[in-house]
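To start, I am sharing the structure in question, which I have written as structure tokens.
Here is how names work: the chains are called A, B, and so on, in the same order as the sequence lines, proteins then strands, and each is numbered from 1.
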Amino acid sequence: MTASTIELAVREQDRRVATYAAAAVGLTLAEAVIPLPIPGIKPGLANIVTLLVLVLFGWRMAAWVSLLRVVAGALLLGNFLTPAFVLSLSGTLASLITLALFRSLYPAFLGLVGLSVLAAFAHVGAQLMVVDLWLMPGVSLLPLAPLFLAAAWVTGLVNGLVAVRLLADAARGRVEDAPRTNAERVQRGLAP
Amino acid sequence: MNGLSTALGHALRAAASLRWLGWGDGLVLVLGLLAVMVVARIGAGGGDDRVLIWQAGQVYAEASLRVNRLIEVPGPLGVTLVEIRDGQVRVRADPGYHQLCVRQGWLAPGETALCLPNRVSVQRGASAYDSLNY
């Protein structure tokens with residue numbers, strides 16, 4: 001076999017993104033097989049990974065991880081470029097923008113739970129908007145909105161609490177290559 | 001429901017005592033819950049989401065208020081145009097002389113618009129098949 005002439009330099013950071021994105025894809029696939037009573041309501045477990053990466057490695061890494069997760073998850077589930085994929089992507093983008101806006105409040109004013117709930121609301125809000133404007137124009141979604149928002153509140157809370165718990169593990173050194181102290185975070189350019 | 005909210009309260013207090021929740025998180029949770037309740041309040045239309053259109057004493061169409069559409073109802077004078085938009089219904093155009101049903105505007109829940117010359121009536125919040133009408 002001829003050696004490839006294209007040399008792709010893989011950095012430490014790339015490996016980290018790939019690792020966490022793989023974890024997120026795993027969670028996406030796992031929750032896809034859980035039967036849920038109402039279509040469209042999912043626990044969104046992959047967002048736990050996004051939250052952890054956000055506070056451990058910064059927003060850019062979190063954006064990479066969650067967008068890779070959306071694309072790879074869609075390819076594996078077979079709904080790439082379908083309306084379901086567009087909904088997933090729009091929700092994720094809205095969550096990422098929300099996280100970018102509120103990130104500076106962490107950890108002084110807002111914990112992971114708060115960030116998680118805000119991101120979940122943004123996720124559902126963007127999806128409802130896409131459905132209203134593009135998928136089902138003319139159909140009033142108002143009677144359904146509280147159901148989805150309440151689900152976002154619950155899943156945001158639960159995912160946030162799980163992320164807090166996992167972050168405590170990371171601080172005790174149980175998460176590989178995660179910065180343990182704030183000094184370490186500053187050294188790696190992850191915290192101001 | 002009450003037991004559930006009590007259990008949720010206990011869990012949240014436990015989380016707060018473990019420093020898993022800061023006051024900012026509590027604020028987000030409370031505001032989020034309020035937002036959900038406000039949206040639920042606005043969204044609940046009291047269940048009267050049907051529109052019943054009669055023509056010459058017979059049910060011409062039964063429609064949902066949730067789907068925007070224009071319905072043309074033919075009568076002896078011409079076509080009466082019924083418009084359903086954003087959860088509301090009105091008679092948009094009518095060939096009758098006085099235009100009473102058009103000037104009535106958007107119908108309140110339970111209200112009926114009568115376009116007598118064209119023998120059309122539009123009723124908001126009723127089903128064609130209740131126990132009296134069936």
Legend entry - B:Leu65 reachable from B:Trp106 in the ILVMFWY side-chain graph, under 4.5 Å edges: no

Inset, instruction - Against chain A, work out which of B:Gly87, B:Gly22, B:Gly32 has the most heavy-atom pairs shorter than 4.5 Å and name it. - result: B:Gly32

Legend entry - CG-CG distance between A:Leu118 and B:Leu29, expressed to the nearest 0.5 angstrom: 9.0 Å

Legend entry - Heavy atoms of other groups near B:Gln99 CD, more than 12 under 6.0 Å: yes

Legend entry - A:Leu157 CG to B:Asp25 CG distance, which is reported to the nearest 0.5 Å: 9.5 Å

Legend entry - chain B interface, residue from A:Gly156, A:Gly111, A:Ala145 that has the most non-hydrogen pairs under 4.5 Å: A:Gly111

Inset, instruction - Indicate if A:Ile97 and A:Leu112 have the same hydrophobic cluster label, given that clusters are the connected sets of ILVMFWY residues with side-chain heavy-atom separations under 4.5 angstrom. - result: yes

Legend entry - Interface residue of largest heavy-atom contact number with chain B, from A:Gly114, A:Gly160, A:Ala152, under 4.5 Å: A:Gly114

Inset, instruction - Please say whether more than 12 non-hydrogen atoms of neighbouring residues, nucleotides or ligands are located less than 6.0 Å from CH2 in A:Trp64. - result: no

Inset, instruction - Side chain from CB out, backbone as N, CA, C, O: work out which of these in B:Leu33 comes under 4.5 Å of a heavy atom of chain A, or both, or neither. - result: both

Legend entry - Shared hydrophobic cluster for A:Val53 and A:Val25 (ILVMFWY, side-chain gaps under 4.5 Å): no

Inset, instruction - Would you kindly confirm whether A:Val71 and A:Val65 end up in one hydrophobic cluster when ILVMFWY residues are joined by side chain heavy atoms under 4.5 Å apart? - result: yes

Inset, instruction - Decide whether A:Leu76 and A:Phe80 are clustered together by the hydrophobic rule: side chain heavy atoms of Ile, Leu, Val, Met, Phe, Trp, Tyr closer than 4.5 Å, transitively. - result: no

Legend entry - Shortest non-hydrogen contact between B:Val36 and A:Pro146, atoms and distance: CG1-O, 3.9 Å

Legend entry - Most chain B-contacting option - heavy-atom pairs closer than 4.5 Å, from A:Val117, A:Leu115, A:Leu110: A:Leu110

Legend entry - Candidate pair A:Phe109 and B:Val28, rule side-chain contact (heavy atoms from CB on, under 4.5 Å), full reasoning: CA-CA 11 Å; A:Phe109 298 104; B:Val28 168; over 6 Å; no

